[in-house]
Amino acid sequence: MSELNGKRGAFIVLEGCDRTGKTTQCKTLVTKLEQANVQARYMNFPDRSTQCGQLINGYLTRKDDFTDEGIHLLFTLNRWERMKEMEKLLKSGVNLIVDRYSYSGVAFSSAKGLDMEWCKAPESGLLKPDLVILLTLSMDALAKRIGFGDERYEVPTFQRKVVERYKMLMDDQYWKAIDADRPFDHITEILYDEVVRTIENVGDKPLGKLW
C-alpha cells in the first residue's frame, strides 16, 4: 500500500449523531491498522486547529454566533482546507480514517431547516469516501452518554432530525449502518473487518468526487 506498488489508500469516514463513539473508534482503528503494518492516519472534521476551525469552535461552544448559512459555509471551507493534503496522503498509500465529513455538514444544516440541495452544493467536488460507516444509537442511549449536551447541537429533538437526514443521504453502494449500542470492542471488530475489506478492494480504483 505504497507508491511503489501503485496502490492508493482508502478514504473511510465514520458518521453518526454526537456521542456515538466515532472519535474513539476512529483512533482505535488507526492503531489496529498500524499494528498490522498498514499505513493509516486519523483526521477529523471540523478541524479546530485551522483559522476557520477556530471560528467553528467558538460557535460550537456557544461563544460566537453565525447565521445558519454562514456556519454551514465555514464547515465546508474547513473541509476544503484539508483537501490537497488528503489527496496527497491517499495517493501515497496512506489510509485515512476520518471522524465526520460532508454528510455531517449537510445533515446538521438541513436539520436546522436549510434546503438539502443548497447544503450539498458547496461540498460538490470534495473527495468522495470509499466507505461511510454510520454509527446508530437510540435517543435514550445517546442521552446517557458522558458529555452529551455539552455542545450546541447535543439536544435529543435535534439529533432525531439529524438521524432522518442521514437516512436521506445514505447510499447503499458505499454506506454501512452499524448499531453502536453494543460493547466497544465488539463494535471495533465489526468496523475493522469493514475497513480492511475496503482497503483491499480500492487500491486500483481512482479517487471519486462528491455529488
Can you name the residues that form a salt bridge (charged side-chain N to carboxylate O under 4.0 Å, His left out) with [X], not counting sequence neighbours?
X: Glu69; result: none
X: Arg82; result: Asp47, Glu85
X: Lys120; result: Glu117
X: Glu164; result: Lys167

Legend entry - Apart from Val202 itself, residues in the same hydrophobic cluster as defined by side-chain heavy atoms under 4.5 Å: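 Its cluster mates, by chain and number: none.
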Inset, instruction - Under the side-chain hydrogen bond (donor to acceptor under 3.5 Å, both in side chains) rule, what do Thr50 and Asn78 come out as? Steps first, then yes or no, please. - result: CA-CA 8 Å; Thr50 70; Asn78 193 236; 3.1 Å; yes
For residues 185-192, which side-chain N or O atoms pair as donor and acceptor with protein atoms under 3.5 Å away, sequence neighbours left out?
from: Thr188; atom 1: OG1; to: Gln25; atom 2: OE1; distance (Å): 2.7
from: Thr188; atom 1: OG1; to: Gln25; atom 2: NE2; distance (Å): 3.4
from: Thr188; atom 1: OG1; to: Phe184; atom 2: O; distance (Å): 3.0

Going by the salt bridge (Lys or Arg N to Asp or Glu O under 4.0 Å) test, which pairs reach into [range], not counting sequence neighbours?
range: residues 190-199; value: Glu194-Arg197
range: residues 49-59; value: none
range: residues 49-59; value: none

Inset, instruction - Determine which pairs satisfy side chain to side chain donor-acceptor pair (under 3.5 Å) with at least one residue from residues 168-179, sequence neighbours left out, and list them in order. - result: Tyr103-Tyr174
Legend entry - Pairing residues for Trp118 by the ring-ring contact (aromatic ring centres under 6.0 Å, His included) criterion, not counting sequence neighbours: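 Trp118 satisfies ring-ring contact (aromatic ring centres under 6.0 Å, His included) with His72 only.
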Legend entry - Verify same cluster id: Leu77, Leu126 (apolar side-chain graph, 4.5 Å): no
Legend entry - Contact check, side chains of Tyr59 and Leu74, non-hydrogen atoms, under 4.5 Å: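 They are not in contact (no side-chain heavy atoms under 4.5 Å apart), so the answer is no.
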Inset, instruction - Applying side chain to side chain donor-acceptor pair (under 3.5 Å), name anything that partners Glu87, two or more places apart in sequence or on another chain. - result: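 Scan of Glu87 (side chain to side chain donor-acceptor pair (under 3.5 Å), adjacent residues dropped) gives Lys91.
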